[in-house]
There are 2 protein chains.
Amino acid sequence: MRVLAAALLALSAQGVRAEDGYDLWLRYAPLEGEALERLETLSAIVAAPSDDPTERLAVSELMNGFQALRGRPDEIWLGLLSRPRDPGPDSITNSFGLGCSDQSVGGEGAFLVRTQGDAIWIAASSPIGCLYGAYALLRELSLGADPATIDIASAPAMPLRMLNHWDNPDGHVERGYAGRSIFDWWHLPERLDQRMIDYARANASIGINAVAVNNVNARAYMLEPRYIEKVKRLADAWRPYGIRVFLSARFSAPRDIGGLETADPLDPDVRRWWQDKADEIYAAIPDFGGFLVKANSEGQPGPQDYGRTHADGANMLAEAVGDRGTVIWRAFVYSAEDDTDRAMQAYNEFVPLDGQFADNVIVQVKNGPIDFQPREPFHPMFGAMPNTNLMFEAQITKEYLGFASHLAFLAPMWEEALDADTGHGGTVADVIAPVGMAGVANTGSDRNWTGSDFDQANWYAFGRLAWDPTLPSEQIAREWAAQTFSRDEDFIEATVPMMMESREAVVDYMTPLGLAHLMDTGHHYGPGPWVCDLARPEWNPCYYHRADADGIGFDRTESGSNALSQYAPEVAAQWSDPETIDPAFLLWFHRVGWDHRMPSGRTLWEELVHRYDTGVAQVDGIAATWAELGEYVDAERFRAVSENLAIQQREARWWRDASLAYWQSLNGLALPAGADPVPESLEHYRSLSFPEAPGN
Amino acid sequence: MRVLAAALLALSAQGVRAEDGYDLWLRYAPLEGEALERLETLSAIVAAPSDDPTERLAVSELMNGFQALRGRPDEIWLGLLSRPRDPGPDSITNSFGLGCSDQSVGGEGAFLVRTQGDAIWIAASSPIGCLYGAYALLRELSLGADPATIDIASAPAMPLRMLNHWDNPDGHVERGYAGRSIFDWWHLPERLDQRMIDYARANASIGINAVAVNNVNARAYMLEPRYIEKVKRLADAWRPYGIRVFLSARFSAPRDIGGLETADPLDPDVRRWWQDKADEIYAAIPDFGGFLVKANSEGQPGPQDYGRTHADGANMLAEAVGDRGTVIWRAFVYSAEDDTDRAMQAYNEFVPLDGQFADNVIVQVKNGPIDFQPREPFHPMFGAMPNTNLMFEAQITKEYLGFASHLAFLAPMWEEALDADTGHGGTVADVIAPVGMAGVANTGSDRNWTGSDFDQANWYAFGRLAWDPTLPSEQIAREWAAQTFSRDEDFIEATVPMMMESREAVVDYMTPLGLAHLMDTGHHYGPGPWVCDLARPEWNPCYYHRADADGIGFDRTESGSNALSQYAPEVAAQWSDPETIDPAFLLWFHRVGWDHRMPSGRTLWEELVHRYDTGVAQVDGIAATWAELGEYVDAERFRAVSENLAIQQREARWWRDASLAYWQSLNGLALPAGADPVPESLEHYRSLSFPEAPGN
């Protein structure tokens, strides 16, 4: 045999598949070195015999996670106690122990994880606490914690930790950038995709406990019996993971599918129809969460169609649901007939209703007063409705932050809003603590769930913040990156800063200095600052930037819309003066000249160009950093992230160039010295068209 | 420690994921026993050093497959020969050997796999033959063949083995039942999903060598430069797998995106536009396959808009493509203005054009004259156009056979058509052998690719039949089931008969005895035999069944449309007499009374009820068989198949009940003694509505 060279190839069959991201942050990559040795001392899981499905899940999650972290499918002893009692620290050694009926550990979901001698003991007052404790323990071990010193006492900061899916029953996801809906309504109830179980598991691992399964722009037929059967199958599958199902309800359902002439919330037949509908749902799903409603907003029907208020509508549904559940009523409204500053309309409609909503009604308020822009000030309703249950609505899917291809870690954005002092005696997080947080999901049928690997971090961060809004974004980034990619400290040290700066980079290359809503029409993809002629004023980017030859920005002071007056005086004060305002909010609240002098010493125009260029440079920097990290990440995900960054680099430039071309067409100013020229004409940027843009 | 019972749990971390179907028939599950021992003698792969990507793929596929079949990631020696020569049987022992430039092995894709002494030798005249040979060898080993006796000489029966994707650039798949499109056009060219590589690999493993990537109802903008960039990235990724890319072209593109006033194929500007477009594409993709065109059919633009013929249109594009590629022109046409029997229109339009098409034009003809019904006679164009390149179009996606949830193995249906004697001196397979076969793909973003595990078998079967139309369906079923689920003979003995009877069951519970096109409007989901009032006659099921109080069926004899006359006389003769015709085609060709006496001795009405009941019973039988097979299949896929069968059981009954309710409303006849009553009123069945049905 004439062989010149022979090479040992390390290819293995598994190598072909590499990692596809499906496992999310629950990979439990094998530990090494000291961390692995420390784990070797643990050899059994001890629990009271239980038929509770959640408790059994906690045991199997521990078992699987433990085996995965050890890197070997070793057999692990499951010790069953002789009688249903809690294993105390005296009774177990070299083991994990679970006690899920320890009434000294208070509240829904709360748990203790303590090391006692050679054993690790999870205690909770209910099985779901044990399951959360199991995930918390595995997270710590996965991050390399020493089992000997683990000591966690944790309880959720707020009762409702919820995802809202804008998924339509036909599989389309509004503002979805990760493929098709994960919900296979067509084949339910007979067929339950494995993904539905893995989805519930991922949610439970970060403490999410409620899911609204359909779009707030709802189809009435999803309240029909054939859909109740489908939803029941989901609810049954998710119950062991502690997840309650909510349905988005179309307010006109009594007319659409009920055969009534009206949907007037004060009409007795309408009230009876909803009561019967609620009874029908609860008969199938005893722990049904309730209804989520978008009413009298963007063309959706609502109580105002009959001269009734939001409170009339919400309370009618709340009565139907009764003490079995909750009605969540969205505050995202703006009217076609109202020429008030759009940023003010929700406050104007809802604040006068404070105190009028039933106890089991929650009003769900977006983080900012417009619509999930890369940066907005916090919503003025927070703190302004002390007698109403207010919930925080975040958008995990990146409708306005580059879809799924741009890297933008959103925790710093949410942290900014949650930490904001409302001026009414607490932060936004304080206001919502008795109620909850909802996040508009970014999941889809893509194999990695969220369209890109880094967007998994936003799902993770949302859950972690809903559990504990005081968690620093940086800690969340570290946790996520270590579990998802690599716990190597060099990798973490490179990746976390990249994540932390990423959202600010998007702000800079899309809408710097307080600009907002400059995206192109409908699909919200790419720049469209030149769009000025759509039917409703507030659909137009021009409405938001108000730029002309003299200046740019939306005057929301007394001399303008006075949206500032919706904030508490000391909050308003920090934003009222264009000279002293944080430049990040300048053009949100003020209209200033192109030559307005910024704290940096630059003119506004120079600063604007500087910001665009900073954003572009940051994306280039992130891509350069990532390019060095190949050794820490499997080839499949490494390439996927690299290719997304290439898209982001191209599109960041596009945003910068198209925006500058347009501003220059108004102000006639040259670019500051040293700035790269704009490579194409404004006409070129205006001519680009993307009829197939996703998520519309 | 108070432990009563202790159990060793066999759960492993991998166990959580089980199998999700993504690996298709390429699982290469580890061999056991004697088959494994036989494989142990092989320890190296020997190949000439090569930079050819396809040849390198062949080596790595062998390496990975070999390791997987051994069940251990053993290192395998890769022996590189000292100079680029073919390793002959004398030069290798205990090895696989590859020789990919053996000119004695003729033709595109042909290969030999021979065992010589202790070595297995793959020989081909080109790298793609080696890759096909590698897959063939792995298939044989995977089926348990003895390496010592392997002896395969194989060559494809036809040059074009093609998939047609009805995928739109926005991700929707027309007649797709497996989620969203697998093509992520939005993120191309920067981002190439791993799925695109795995897709090419799956195709190559069954010999598919061409793919039309977009819907025949085409968007013109897919011919724009930004899409050519995207298509180029795919073509580059697929080239090593031997797959050429085709684009569906909208005939009006010169008007839609070219700025011309006309798309008249005889207009010099139009001709130049297409010439330039073809040049532009070939500059990016030198091996671009060509264009696939649906023209003057179902509202698509075409040459008839300008008074030109199909030949004028096709030849104009063929000239633009030149000897670089091919134009595939679909024969699926029917006109809004033509009251000829729809089954006759394609023949009437195309047969007179025989001999007028350019050499690089192919006319693509559906298996039957209507539209992919559960059963149709073969298309009369086959054999009737001796001077035209005719290609066979099959529909792998099950638009009319229960979407992705019904188990219907389609190989017997295609075999029926391919084996049909045209009466013009050969079978359908003979007619198409110089040209090829196209299958409308059933792939989607679902993790298992095809929406259900058993629908993978139809993708597989299509590829295998395009390679070799003489392969018996049963052999294909055996191969597929063994590779996909289990090679245990008990499993195969139960599963293959289930697959083999499945399509006939669908025929029986949907459209027995030659009935066709009774599906509900638009989405083609569920029964709609009562639909009679749609604008165009041939959109209505009533057009096809022609049932009334007296009888049922479409008279296509001389006394009716005389569609029979489009077949060769001896073919027509076998179908011309309602007394002697195969009952499977009775109502396709004849209108008969409800009391028509069938060969079984039953009246037509009794026979119809009997067929519906037979179909329902067969599905019940398949479900009962599957329920016993849990030990052979992983839990995830076992449950998925079981749940699909539950859907099919329910829907088979629905078809039977709704159809019978409607026929009874016409004929007033009671059900035969012993038949189950119809549980609901006809009004109930008519009232059912499915606005979210997929694939429309």
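The sequence lines fix the lettering, A, B, ..., with proteins before strands; numbering per chain opens at 1.
- Side-chain contact check for A/Arg639 versus B/Gln194: some heavy-atom pair is nearer than 4.5 Å.
- For CZ of B/Arg27, the number of neighbouring non-hydrogen atoms (other residues, nucleotides, ligands) closer than 6.0 Å is greater than 12.
- Of the listed residues B/Gly171, B/Pro694, B/Pro189, the one with more heavy-atom pairs under 4.5 angstrom with chain A than any other is B/Pro694.
- Put simply, CD on B/Glu190 and CD on A/Gln649 are 9.5 Å apart, with the number rounded to the nearest 0.5 Å.
- Interface residue B/Ile197: only side-chain heavy atoms are found under 4.5 Å from chain A.
- In terms of heavy-atom pairs under 4.5 angstrom with chain A, the leader among B/Ala640, B/Ala693, B/Ser445, B/Ala646 is B/Ala693.
- Checked for salt-bridge contact, B/Arg226 and A/Glu692 meet the test: a charged N lies under 4.0 Å from a carboxylate O.
- Chosen from A/Gly444, A/Pro691, A/Pro169, the residue pairing most often with chain B at heavy-atom distances under 4.5 Å is A/Pro691.
- A 4.5 Å side-chain heavy-atom check between B/Tyr177 and A/His187 finds every atom pair outside the cut-off.
- Contact check for A/Trp186 versus B/Tyr525: side-chain heavy atoms found under the 4.5 Å cut-off.
- For chain B, the option among A/Arg219, A/Arg650, A/His172 with the highest count of heavy-atom pairs below 4.5 Å is A/Arg650.
- Annotation for B/Arg191 and A/Asp446: closest pair NH2-OD2, 4.2 Å, computed over non-hydrogen atoms.
- Contacts of A/Phe690 with chain B are made by both backbone and side-chain atoms, with heavy-atom separations under 4.5 Å.
- The neighbour count for B/Arg233 CZ, taken as heavy atoms of other residues, nucleotides or ligands under 6.0 Å away, is above 12.
- Rounding to the nearest 0.5 angstrom, the gap separating the CG atom in B/Asp193 from the CG atom in A/Asp20 is 11.0 Å.
- Residue A/Ser642 does not touch chain B at all, counting heavy-atom pairs closer than 4.5 Å.
- Per-residue counts of heavy-atom pairs under 4.5 Å with chain A were compared for B/Arg195, B/Glu643, B/Arg180; the largest is that of B/Glu643.
- With a 4.5 Å cut-off on non-hydrogen atoms, B/Ser181 does not touch chain A at all.
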